[in-house]
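Heavy-atom basis, side chains included; hydrogens, waters and symmetry copies ignored. Each chain gets a letter, A, B and so on, in the order its sequence line appears, and its residues count up from 1.
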Number of protein chains: 2
Amino acid sequence: MDSKIFNLKAKLEVYKAMTNGGNFADCPVRDVIQGISGKWNSLLVMALAEKPYRFGELRRLVPDISQRMLTQTLYDLQRDGYVHREVFPTKPPSVEYSLTDLGRSMFAPLQMLVQWAELNHDAVREARAAFDAAQA
Amino acid sequence: MDSKIFNLKAKLEVYKAMTNGGNFADCPVRDVIQGISGKWNSLLVMALAEKPYRFGELRRLVPDISQRMLTQTLYDLQRDGYVHREVFPTKPPSVEYSLTDLGRSMFAPLQMLVQWAELNHDAVREARAAFDAAQA
DNA sequence: TAGTGCTGGTCTCTTTTTGAGACTACCACT
DNA sequence: AGTGGTAGTCTCAAAAAGAGACCAGCACTA
């Protein structure tokens, strides 16, 4: 993965949008990135990209999320249009969460990041260990 | 950007790594994603991808970050190996932050997400407005 | 020569966010 | 009558983030 991946023209476009013409505050891209950079947001999108899940299924799938945060993160994702929430009138009503088209289209680039993480988590862990050793 | 982008084989690989074989807790990918999904992390990586910056320059570039969070986020990014910190012995010592090779390689997929955000922030904003209207 | 500003931070305090866990109501099954 | 599963909400404690004062050292200025 050499530096050729940095297409200059694309970079300039990105920066222009990102910096909103000079300043990083009040930047629309930042607004969007913010919405998916929470602690659980990307994780739940990844889970729902696989298949729709019900509330309790997600809770079991991600054991260390609190119900409170699960509720809230799903709410946020729904609000931003990534997730669709559907209530089924079963005997105890069940709720199914699934990705919308927007959510699926967002998952595509997110997946790139996940793949990068998969390939490089060793490097990150080594960097961390080296840094901590140097601090001591 | 249709569904053909979802290569099934790649997906399965990703899920395997992501879920650590069934559970989402203790997942290395999650560990890495966590490190770049903070509120300021991706923003600073984006800034440093453009060119190296000094501490005060970053503070001015991102006016709504507190010094405390700037210090800490840069520290975290340095610890994970994305950012290099170099002190120059000028009269008031100046410190320059730059991306490492690892940081640059991580920026490549991050850039995909930024481009997606650039293209879709209108859709997200509309979804938000529609959702808020429906709640009222 | 005292005052001002710039450097890159740290320290403390307050506010916000997150986490842990009890609690709810309804229904099915035993 | 008791137990468990449904999807949450509510409250309180802990952790993280934001605001802003403060620091030392040097340069320039008045």
Within the structure shown, what part of the strands sits under 4.0 Å from B:F88 by heavy-atom distance: base, sugar-phosphate, or nothing?
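No contact at all - B:F88 keeps every heavy atom at 4.0 Å or more from the nucleic acid.
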Within the structure shown, what part of the strands sits under 4.0 Å from B:R68 by heavy-atom distance: base, sugar-phosphate, or nothing?
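Counting heavy atoms under 4.0 Å across all strands, the contact made by B:R68 includes a base.
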Closest to the B:S94 side chain, choosing from D:dG5, C:dT7, D:dA17
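From the listed options, C:dT7 comes nearest.
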With respect to the side chain of B:K91, which nucleotide from C:dG19, C:dG8, D:dC26 is positioned closest?
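Within the option list, the nearest is D:dC26.
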Think [X] has a side-chain N or O under 4.0 angstrom from the OP1 or OP2 of [N]?
{"X": "A:R54", "N": "D:dA7", "value": "yes"}
{"X": "A:K39", "N": "C:dT17", "value": "no"}
{"X": "B:R60", "N": "C:dT7", "value": "yes"}
{"X": "A:W40", "N": "C:dG19", "value": "yes"}
{"X": "A:Y75", "N": "D:dA7", "value": "no"}

Determine whether A:L43 and B:I33 make a side-chain contact, defined as any pair of heavy atoms from C-beta on separated by less than 4.5 Å.
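SC-SC contact between A:L43 and B:I33 ruled out.
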Are the side chains of A:D101 and A:R104 in contact, using a 4.5 Å heavy-atom criterion?
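In short, these two side chains touch, coming nearer than 4.5 Å.
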Do A:F88 and A:F55 sit in one hydrophobic cluster, given that two such residues count as connected whenever their side-chain heavy atoms are within less than 4.5 Å of each other, even indirectly?
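No, no single cluster joins them.
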Gap between atoms [atom1] and [atom2], on [X] and [N] respectively (whole Å):
{"X": "B:R59", "N": "C:dG9", "atom1": "CZ", "atom2": "C1'", "value": "9 Å"}
{"X": "A:L70", "N": "C:dT18", "atom1": "CG", "atom2": "C1'", "value": "14 Å"}
{"X": "B:I65", "N": "D:dA16", "atom1": "CD1", "atom2": "P", "value": "17 Å"}
{"X": "B:R85", "N": "C:dG8", "atom1": "CZ", "atom2": "C1'", "value": "8 Å"}
{"X": "A:Q67", "N": "C:dC23", "atom1": "CD", "atom2": "C1'", "value": "11 Å"}
{"X": "B:E86", "N": "C:dG9", "atom1": "CD", "atom2": "P", "value": "13 Å"}
{"X": "A:F55", "N": "C:dC26", "atom1": "CZ", "atom2": "C1'", "value": "17 Å"}
{"X": "A:D64", "N": "D:dA14", "atom1": "CG", "atom2": "P", "value": "20 Å"}

Please step through side-chain contact (heavy atoms from CB on, under 4.5 Å) for the pair B:Y53 and B:L44, ending with a clear verdict.
CA-CA 10 Å; B:Y53 278 106; B:L44 290 180; over 6 Å; no
Taking the nucleotide of DNA chain C with the closest heavy atom to each, which residue, A:M69 or A:P92, is nearer the 5' end?
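Whichever sits nearer the 5' end wins; that is A:M69.
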Anything under 30° is parallel, anything over 60° is perpendicular, the rest tilted; go ahead and classify B:Y75 against A:F131.
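Perpendicular, since the angle between the ring planes exceeds 60°.
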